[in-house]
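In what follows, a single structure is set out as structure tokens and then discussed.
The model shown is predicted, which means the values in this text are computed figures rather than measured ones. In each ligand, atom 1 is the first atom listed, and ligand 1 is the first ligand listed. Count residues from 1 along the sequence.
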Amino acid sequence: MNRIGCHLSTSKGLHKTIEQCLKINADTFQFFPRNPRGSKSRLIPKKEIEDFLELRNIYNINDIVCHGAYTMNLCSDREDLRELAIRLINEDMKKIHDMNIDKYVIHPGSHKEQGIEKGLDLIIRGLNQIDVSNGQQICIETMSGKGTEVGSDLEEVAFIVNNTKIPLYVCIDTCHLFSSGVRLETSDEYLDEFDKLIGIDKIKVIHCNDSMMPYGANKDRHEKFGKGLIGESKLLNVIFSNRLKGRSIILETPNDLNGYKMEIEEIRGKFNELRNNK
Ligand SMILES: [Zn+2]
């Protein structure tokens, strides 16, 4: 099945994440390379990175996803903040290269009151200044559409991916899809549209979150797997779609480590059930 894991803290050290993965039976995970609500970033000692790389190899924890800070806004109405976002992403690109990680998820941004066209233009201009020459894969995330957030509409995501000069990829988030008004009774309709506008191969990461907020509410509140308004069967439609084989599934549900362990076990169990019923 797809690799599965959750968002983990690196506050006790990058190498400690591997121990955590083993505890919860995850074979991948996601983390923030810097304070998610600020711009500060810890200088990770070389030894810590070496330990991390060694443990990753031994235990086969791979397709790890790095998530950029929430505060970065490539389409801010302030030039200094746009430049800060570009600088931080470029710094993160170097960091993840040292960690032998290629997937980097970012939120496209919020255009404030500048309008969607200006927002899209600024995002593309910003992304064009990112150095991905070491093969890093930037994945823009599909958003719920709160406030002036860009990326809740598939056409906006397509416009960014198809007009940026660097290769660009996509992270789909089930909670964000649902709250932005995507029906998940079957994932095929959405994936057909995605394939037509962007190409299904561009999807590299799946954020698997249930939603506290109702369908189409344009609000981003994650709920535990199967405990929210999306529900288990619709979540499974997306994450186990045959067309999304091989993508890392990352849980960003409100859980402690033990809660994640239970969710991962449950999802693995469902996968085996579905496979045996075929
Ligand atoms: Zn995100």
Side-chain angles (χ1 to χ4, degrees), residues 3-10 17 26 28-39 41 63-76 85 88-89 92-93 95-96 101-111 119 123 126-127 130 136-154 156-157 160-161 168-182 184 190 194 198 202-213 217-225 228 230 235 238-239 244 247-255 260 263:
R3 284 183 182 268
I4 180 164
C6 63
H7 191 92
L8 291 174
S9 159
T10 58
T17 52
T28 188
F29 71 100
Q30 175 181 277
F31 71 102
F32 293 124
R34 61 180 68 242
N35 181 340
R37 306 208 179 271
S39 59
S41 122
D63 280 330
I64 298 167
V65 180
C66 183
H67 196 307
Y70 297 135
T71 41
M72 300 189 303
N73 187 2
L74 286 170
C75 59
S76 167
L88 295 180
I89 298 171
D92 288 346
M93 289 302 105
K95 264 188 150 182
I96 66 170
I101 290 169
D102 55 10
K103 292 183 183 61
Y104 184 84
V105 171
I106 48 166
H107 297 178
S110 290
H111 66 69
I123 292 166
L127 288 170
I130 306 301
Q136 298 96 334
Q137 299 182 331
I138 297 197
C139 308
I140 56 169
E141 185 167 344
T142 59
M143 304 306 292
S144 59
K146 61 176 184 289
T148 62
E149 224 168 40
V150 181
S152 60
D153 190 319
L154 198 49
E156 295 167 9
V157 178
I160 299 169
V161 174
L168 210 59
Y169 303 89
V170 179
C171 163
I172 58 170
D173 182 308
T174 52
C175 170
H176 300 173
L177 292 181
F178 181 75
S179 75
S180 70
V182 177
L184 300 175
Y190 177 75
F194 195 104
I198 305 173
K202 290 280 186 180
I203 300 176
K204 293 287 179 195
V205 181
I206 305 168
H207 281 169
C208 176
N209 302 307
D210 211 323
S211 177
M212 285 185 194
M213 294 295 174
N218 294 120
K219 290 207 175 75
D220 180 10
R221 295 283 303 282
H222 298 180
E223 180 56 286
K224 291 189 170 92
F225 180 85
I230 304 178
L235 290 171
V238 180
I239 66 174
L244 296 177
R247 273 70 161 190
S248 290
I249 299 169
I250 304 288
L251 297 157
E252 298 173 315
T253 44
N255 272 308
Y260 279 130
E263 278 190 4

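Within the 4.5 Å cutoff, side-chain heavy atoms of I89 are placed close to those of L74. For the pair Y104/Q136, no side-chain contact is recorded, criterion being any heavy-atom separation below 4.5 Å from C-beta on.
For a distance threshold of 2.8 Å, the protein N, O or S atoms nearer than that to the Zn ion (ligand 1), listed by chain and number, are H67 NE2, H107 NE2, E141 OE1.
Between H7 and F32, the distance separating the two ring centers is shorter than 6.0 angstrom.
When all heavy atoms of P108 and V150 are compared, the closest pair comes out as CG-O, 3.4 Å. Contact between S180 and L177 at its shortest, heavy atoms only, is OG-O, 2.9 Å.
Using a 3.5 Å distance cut-off with no hydrogens or angles, the side chains of Q30 and H67 do not pair a donor with an acceptor.
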